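Everything numeric in this text was worked out from a predicted model, so none of it was measured. Ligands are counted one by one from 1 in listed order, and the atoms in each one are counted from 1 as well.
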Amino acid sequence: MSEQPLAGKTALVTGGSRGIGASIVERLAADGASVTFSYVADHQGAKEVVERITSTGGTVRAVETDSADADAVRDTIAEVVAISGGLDILVNNAGVAHVAPIEEFPLEEFDRLVAVNVRGVFNTIQAAVPHLPHGGRIVTIGSINADRVPVPGIAVYSLTKAAVAGLTRGLARELGPRGITVNTVQPGPTATEMNPDEGEFAEAMKALMPVGHYAHPTDIASAVAYLVRPEARFVTGTSWDVDGGFAV
Ligand code: NAP
């Protein structure tokens with residue numbers, strides 16, 4: 001295998017300004033891909049990611065595109081294709097959470113979680129698929145909470161992550177004949193702004209994992225890096241738990 005397994009490939013990663021998404025962007029760029037990532041508000045984070053990657057010779061672009069805005073996503077993908085000549089890899093990482101018991105869960109938050117975590121994933125895949133070649137790759141960052149919910153208050157978040165696991169299976173069936181693989185990576189607790197490893201729930205979460213500690217975002221990026229390589233062509237429709245044993 002060449003040292004840069006993604007040389008010549010173009011990738012789009014949603015939500016790349018920090019956390020797991022930033023780590024995926026950095027890894028795919030290090031593996032040789034030309035990477036565009038989206039974000040909404042975190043301009044400083046996006047700038048830092050671009051600077052880190054360009055300073056080491058990688059190719060990266062940041063775009064301000066809300067995953068929940070289907071028209072904006074379509075325009076962004078058309079722009080990536082126009083600039084780079086194609087799109088080989090889509091990583092749906094952008095996601096939001098809200099924690100509250102059901103009686104207090106605002107419907108606006110329900111709608112926001114579904115708009116970004118489910119509809120946003122759907123409309124991004126829908127806009128990308130016409131451009132993906134044979135050998136194309138779709139990876140969605142789900143969550144181990146799709147399968148295991150050990151604390152109250154995250155029912156709606158879990159719903160959204162179970163939804164994308166189902167979408168992945170259905171689309172793997174649909175796109176397999178076109179040589180496109182579709183997979184979900186299901187992280188366990190990962191140290192980011194969304195889920196700090198010193199946060200309110202951190203000790204309880206650590207106790208649930210055989211490894212006894214949170215993931216670093218690079219742990220999740222490593223799994224994505226494998227799935228998007230040519231050698232992963234036989235892996236599709238799966239939900240891959242990268243969770244320190246959270247689900248056992
Ligand atoms: P994070 O630190 O909050 O980062 C989220 C990223 O997504 C940011 O770059 C954010 O940028 C971007 N984003 C949010 N809404 C967006 C939208 N509507 N359109 C485009 N970009 C958007 O979260 P994270 O922990 O890295 O989580 C990344 C993914 O992993 C999410 O799907 C999350 O559900 C999943 N996950 C996380 C954990 C964990 O323990 N951390 C575990 C399992 C799964 P802006 O603020 O600029 O919009």
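- If you check each of Gly45, Ala68, Gly21, Ala94 against atom 21 (N) of ligand 1, the one with the closest non-hydrogen atom is Ala94.
- The distance criterion of under 3.5 Å between nitrogen or oxygen atoms is met by Thr192 with respect to ligand 1.
- For ligand 1, the atoms sitting less than 4.0 Å from at least one non-hydrogen atom of Pro189 are 40 (O), numbered in the order shown with element in parentheses.
- With respect to Asn183, the side chain to side chain contact (heavy atoms under 4.5 Å, CB included) criterion is satisfied by exactly one of Val235, Thr140, Val224, Val228: Val235.
- For the 3.5 Å distance criterion, the side chains of Asn145 and Ser158 fail to qualify, holding no donor opposite an acceptor.
- In terms of protein heavy-atom proximity, atom 12 (C) of ligand 1 is nearest to Gly15 CA, 3.5 Å.
- Leu87 belongs to a hydrophobic cluster whose remaining members, ordered by chain and number, are Leu12, Val73, Ile77, Val80, Val81, Leu90, Val121, Phe122, Ile125, Val129, Leu132, Ile138, Val164, Leu167, Leu171, Leu175, Ile180, Val182; membership requires side-chain heavy atoms of ILVMFWY residues under 4.5 Å apart, directly or through intermediates.
- At a cut-off of 3.5 Å, with distance as the only test, a side-chain donor of Tyr214 or Asn195 sits close to an acceptor on the other residue.
- There is a side-chain donor-acceptor pair under 3.5 Å between Gln186 and Asp147.
- Looking only at heavy atoms of the protein, atom 15 (N) of ligand 1 is closest to Val96 CG1, 3.7 Å.
- For atom 30 (O) of ligand 1, the closest non-hydrogen atom of the protein is Ile141 CG2, 3.3 Å.
- Between Ala41 and ligand 1, at least one N/O pair is under 3.5 Å apart.
- Geometrically, Arg148 engages Phe246 in a cation-pi contact, judged by NZ or CZ lying under 6.0 Å from the ring centre and within 45° of the ring axis.
- Between the side chain of Asp31 and the backbone N or O of Gln4, no donor-acceptor pair lies under 3.5 Å.
- Among protein heavy atoms, the minimum distance from atom 26 (O) of ligand 1 is reached at Ile20 N, 2.9 Å.
- Nearest to atom 33 (C) of ligand 1 among the protein's heavy atoms is Tyr157 OH, 3.5 Å.
- Of all the listed residues (Asp243, Asp66, Asp69), Asp66 holds the heavy atom that lies closest to atom 18 (N) of ligand 1.
- Shortest contact from atom 43 (C) of ligand 1 to any protein heavy atom: Pro187 O, 3.3 Å.
- The nearest heavy-atom contact from the protein to atom 20 (C) of ligand 1 is Thr65 O, 3.4 Å.
- A donor-acceptor contact under 3.5 angstrom links the side chains of Thr168 and Thr184, judged on distance only.
- For atom 1 (P) of ligand 1, the nearest non-hydrogen atom from the set Gln44, Glu64, Arg18, Glu193 belongs to Arg18.
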